[in-house]
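Below, all heavy atoms of this structure are taken into account, side chains as well, without hydrogens, waters or symmetry copies.
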Amino acid sequence: MHLNLLFKTLLILIFPIFLYSQNIEKEPVKLIKTETIEQVQNTQVPESSNLPEEKAVEAVEKSPVERQIEEQNKLLDEVVTNINSEKYLNPSIDVKAYKKEISLLTNKININKIEKNILAMKRDELKRQYLKQEYTYEQTLRNIILAKQEYKDKKFFENLIKNKLKELEKSENLIDENTKLYEEELNNKNYISSAFTENYIELYNQTHIQTFVLEYLFDNMSSFRKTNFFIDEFNLQYLVNKIDSIYGISFISGLTSYHLKFSIGEIVVVIFIMGILILLNLKIISIIANLIARFFVSSEHSDSEAIRQYLRMSIDTPLKLSLYLLGIQISVFILVDDPELIDKIMPWINTTYMALLTWGLYAILNNSISIYAHNLLEKYPNVRKEMIVFILRIIKIILILLVILFLFTQLGIDIKAIAASLGVGGIAIALASKDTLANFFSSLNIMTDNSFSQGDWIKTSDVEGTVVDIRMRTTRIRTFDNAMITVPNTELANTPITNWSKRRVGRRIKMNLGVTYDSKMEDIVQLKKDILNMLEHHPGIASSANTKSGQTRIFEAIKQDDLIGIKKTLLVYIDSYGASSIDILIYCFSRSPDWEEWLITKEDVLIKLEALVKKNNCDFAYPTQTILLKKDEEVVDLVSEKLSSMS
């Protein structure tokens with residue numbers, strides 16, 4: 001009977017150890033046992049007669065240490081099982097309640113610190129650290145599951161667990177700082193002392209249990225993650241090591257690594273990567289840009305090919321430069337072994353990525369506006385193209401500022417401190433940039449007031465020409481002798497401007513037609529009527545018959561014709577008796593304000609006037625002068641001399 005019992009006891013104890021020898025921890029975790037645990041441990045084992053034989057043997061043979069080791073192994077199995085089943089993806093901690101509790105404890109710590117309640121402050125510090133530790137531990141297990149889903153390499157898991165173990169070292173330091181106080185307050189039974197010792201024990205046990213679990217996961221990573229050569233080993237460093245280990249190259253690599261700080265394998269890998277990126281830039285990038293353009297622009301659009309071309313042009317260069325930058329980044333990681341130097345280089349590389357992305361987005365926006373602006377201006381005539389260009393420039397400046405701010409954040413520069421310093425130096429900056437700001441706001445006044453637009457023919461007291469561009473500080477004007485004049489916007493905003501282009505219909509034609517005094521008045525009147533009739537039916541002359549007026553309301557402070565620039569006045573009258581002619585006033589407007597079309601219309605009118613004069617038996621008057629000589633009381637008309645001159 002005793003031999004049978006001994007055999008069963010050995011079988012129960014040894015067989016599980018043999019079966020799970022790789023997973024069982026043989027050393028117990030150092031824990032502080034509370035009174036309740038000690039009471040359970042000191043409880044008498046029931047009589048063996050009341051239990052089954054196997055249970056009785058187990059209750060008799062297992063010591064408290066063995067039971068703790070068994071519980072530890074169950075915990076390890078449970079953690080591994082939960083990781084493999086992805087149970088930790090569903091958080092058990094309410095984040096909102098957690099943050100509220102942390103905030104409450106922080107406030108209590110500050111108040112107790114002010115009141116110099118040291119024990120109460122230490123109590124709350126231990127509780128806060130306990131909650132933070134519990135939260136970050138669960139986040140670590142969750143991140144392990146996410147890393148498995150994303151097929152991260154072994155090094156990532158190692159760094160993840162190492163970082164959490166470093167955080168646990170801070171908790172151990174906090175425990176060590178409060179150990180002496182814990183021993184002093186252990187026998188005190190007041191409320192604060194009891195809460196302090198309880199929090200100390202909870203933090204102590206949790207720290208050691210979490211350290212125990214994470215160290216196990218670090219040493220037994222294969223229990224929750226399958227090893228993969230291509231993920232864990234086959235990387236750039238693997239290729240470098242393989243090349244450097246080739247017979248004949250290893251010696252040279254050793255020399256270059258010592259003297260030049262890089263090996264032959266590193267140079268070969270860098271050249272290989274740059275070669276691949278150059279091939280991608282030559283062929284693949286254009287194909288990718290074309291596919292992106294086809295994806296965003298359907299072939300049903302009438303201007304689809306032009307739009308795709310603009311889109312390809314927008315993203316082609318940024319994509320190519322991004323690939324070259326990627327090659328530079330990979331080369332830095334391969335060739336540079338100093339982590340501090342890499343940390344100094346990476347902010348500039350990241351900022352360059354940001355700048356290339358910004359460049360691409362701005363190019364797409366700029367080209368899109370170039371494509372659709374024509375239709376937009378036709379649909380909305382009140383929208384000014386200068387305003388669109390002005391807004392684009394402001395967007396460009398904003399994007400550049402964002403890139404600069406991104407660089408500051410990458411370099412660790414405190415943007416808030418810069419903003420605060422602007423409050424002090426803002427006055428000096430404002431005084432220094434007074435003229436620039438005045439010109440900027442003057443440009444806004446010109447835009448909103450619509451004094452002139454790009455392409456208008458304007459005239460001021462100092463300059464006359466065609467407006468080339470309205471910029472944020474200056475306006476550029478091309479004179480008629482093909483010179484470029486740059487005028488500050490403040491001057492244009494504060495000077496009278498004659499805008500010859502602000503007329504939709506009507507460019508004035510004014511002349512006096514002189515008829516000789518020999519012509520009969522009936523013929524002159526008929527000539528006047530024929531001229532009026534000819535102008536009314538002339539296709540190039542504005543008249544009430546061929547020109548529609550703007551609709552003006554019954555009560556309106558301004559006429560629409562005057563606002564939009566429509567002139568159709570047509571006047572033909574016998575105006576005056578001149579020194580050598582009877583003058584007929586001709587006053588009208590061409591339909592087109594364009595100078596060349598105005599000249600064509602005016603020329604045609606002059607030709608038709610000559611025909612009408614002949615038709616009505618009239619002659620053009622020339623300036624003449626009659627001289628009378630008086631002799632022997634006889635008036636003799638000696639000379640009638642015609643002096644030919646054109647006025």
Side-chain angles (χ1 to χ4, degrees), residues 27-44 63-65 67-72 74-76 78-79 88 91-142 161 163-216:
E27 294 293 332
V29 180
K30 295 180 181 180
L31 301 177
I32 300 176
K33 296 179 177 59
T34 58
E35 293 180 0
T36 55
I37 295 175
E38 293 174 353
Q39 290 174 3
V40 172
Q41 291 172 350
N42 295 330
T43 303
Q44 296 280 332
S63 65
V65 174
R67 285 199 297 272
Q68 182 180 340
I69 293 174
E70 183 179 356
E71 292 297 326
Q72 291 173 190
K74 286 182 180 179
L75 175 62
L76 294 176
E78 182 182 357
V79 170
Y88 293 116
S92 60
I93 298 175
D94 186 357
V95 178
K96 188 175 181 180
Y98 161 77
K99 291 182 178 180
K100 184 177 180 181
E101 183 68 19
I102 293 295
S103 177
L104 178 62
L105 289 171
T106 303
N107 293 331
K108 290 174 66 177
I109 290 170
N110 294 331
I111 293 172
N112 288 322
K113 186 176 182 180
I114 295 172
E115 297 295 331
K116 297 182 179 180
N117 297 327
I118 303 301
L119 186 62
M121 181 186 73
K122 296 290 185 181
R123 173 201 63 189
D124 296 331
E125 285 180 348
L126 293 173
K127 184 64 176 179
R128 182 178 64 177
Q129 186 64 23
Y130 174 85
L131 294 176
K132 287 183 177 180
Q133 193 181 85
E134 184 182 28
Y135 177 76
T136 55
Y137 174 73
E138 184 175 292
Q139 289 296 110
T140 301
L141 298 179
R142 183 175 181 272
I161 297 174
N163 291 334
K164 177 56 183 173
L165 289 172
K166 287 182 180 179
E167 291 182 6
L168 290 174
E169 290 178 2
K170 296 179 181 178
S171 298
E172 291 180 357
N173 294 334
L174 181 63
I175 291 170
D176 293 339
E177 292 174 2
N178 291 276
T179 300
K180 185 177 180 181
L181 184 61
Y182 164 74
E183 292 173 353
E184 294 175 356
E185 300 295 331
L186 187 61
N187 297 322
N188 294 334
K189 298 304 180 182
N190 62 71
Y191 172 74
I192 297 179
S193 298
S194 299
F196 168 77
T197 54
E198 182 181 348
N199 292 345
Y200 179 89
I201 292 171
E202 286 180 350
L203 180 62
Y204 183 94
N205 292 343
Q206 180 175 264
T207 302
H208 286 80
I209 290 173
Q210 289 184 3
T211 304
F212 165 73
V213 173
L214 292 173
E215 287 177 348
Y216 174 82

**Q.** Check ion pair K74-E70 (N to O, under 4.0 angstrom)
**A.**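 E70 and K74: salt-bridged.
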pair [X]-[Y]: side-chain heavy atoms closer than 4.5 Å:
X: Q72; Y: L76; answer: no
X: E134; Y: Y98; answer: no
X: V79; Y: Y88; answer: yes
X: I102; Y: Y135; answer: no

What distance do [X] atom [atom1] and [Y] atom [atom2] have between them, rounded to the nearest 0.5 Å?
X: E198; Y: L126; atom1: CD; atom2: CG; value: 11.5 Å
X: L168; Y: N163; atom1: CG; atom2: CG; value: 11.0 Å
X: R128; Y: L203; atom1: CZ; atom2: CG; value: 12.0 Å
X: E71; Y: I209; atom1: CD; atom2: CD1; value: 10.5 Å
X: N112; Y: M121; atom1: CG; atom2: CE; value: 8.0 Å
X: E185; Y: K122; atom1: CD; atom2: NZ; value: 12.5 Å

Q | T136 and K164 side chains, donor-acceptor separation under 3.5 Å | A |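 Short answer, yes.
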Q: Would you kindly say whether T207 and E172 are connected by a side-chain donor-acceptor distance under 3.5 Å?
A: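 Checked: T207/E172 side chains show no N/O donor-acceptor pair below 3.5 Å.
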Q.
I need the minimum non-hydrogen distance between Q210 and Q133, along with the two atoms involved.
A.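 Residues Q210 and Q133, closest heavy atoms: OE1-CG, 3.2 Å.
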**Q.** Minimum heavy-atom distance between L174 and N178, given as atom pair plus value
**A.**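 For L174 and N178, the tightest heavy-atom pair comes out as O-ND2, 2.7 Å.
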Check for a donor-acceptor pair, side chain of [X] on one end and backbone N or O of [Y] on the other, with a separation under 3.5 Å.
X: E138; Y: S92; value: yes
X: T197; Y: S194; value: yes
X: N190; Y: S193; value: yes

Q: Check step by step if side chain to side chain contact (heavy atoms under 4.5 Å, CB included) holds for D124 and T106.
A: CA-CA 8 Å; D124 296 331; T106 303; over 6 Å; no
Q: Please work out which of the three classes, parallel, tilted or perpendicular, describes the rings of Y200 and F196, given edges at 30° and 60°.
A: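 F196 vs Y200 ring planes: tilted.
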Q) What about the rings of Y204 and H208, do their centers lie closer together than 6.0 Å? A)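 Ring centroids of Y204 and H208 are less than 6.0 Å from each other.
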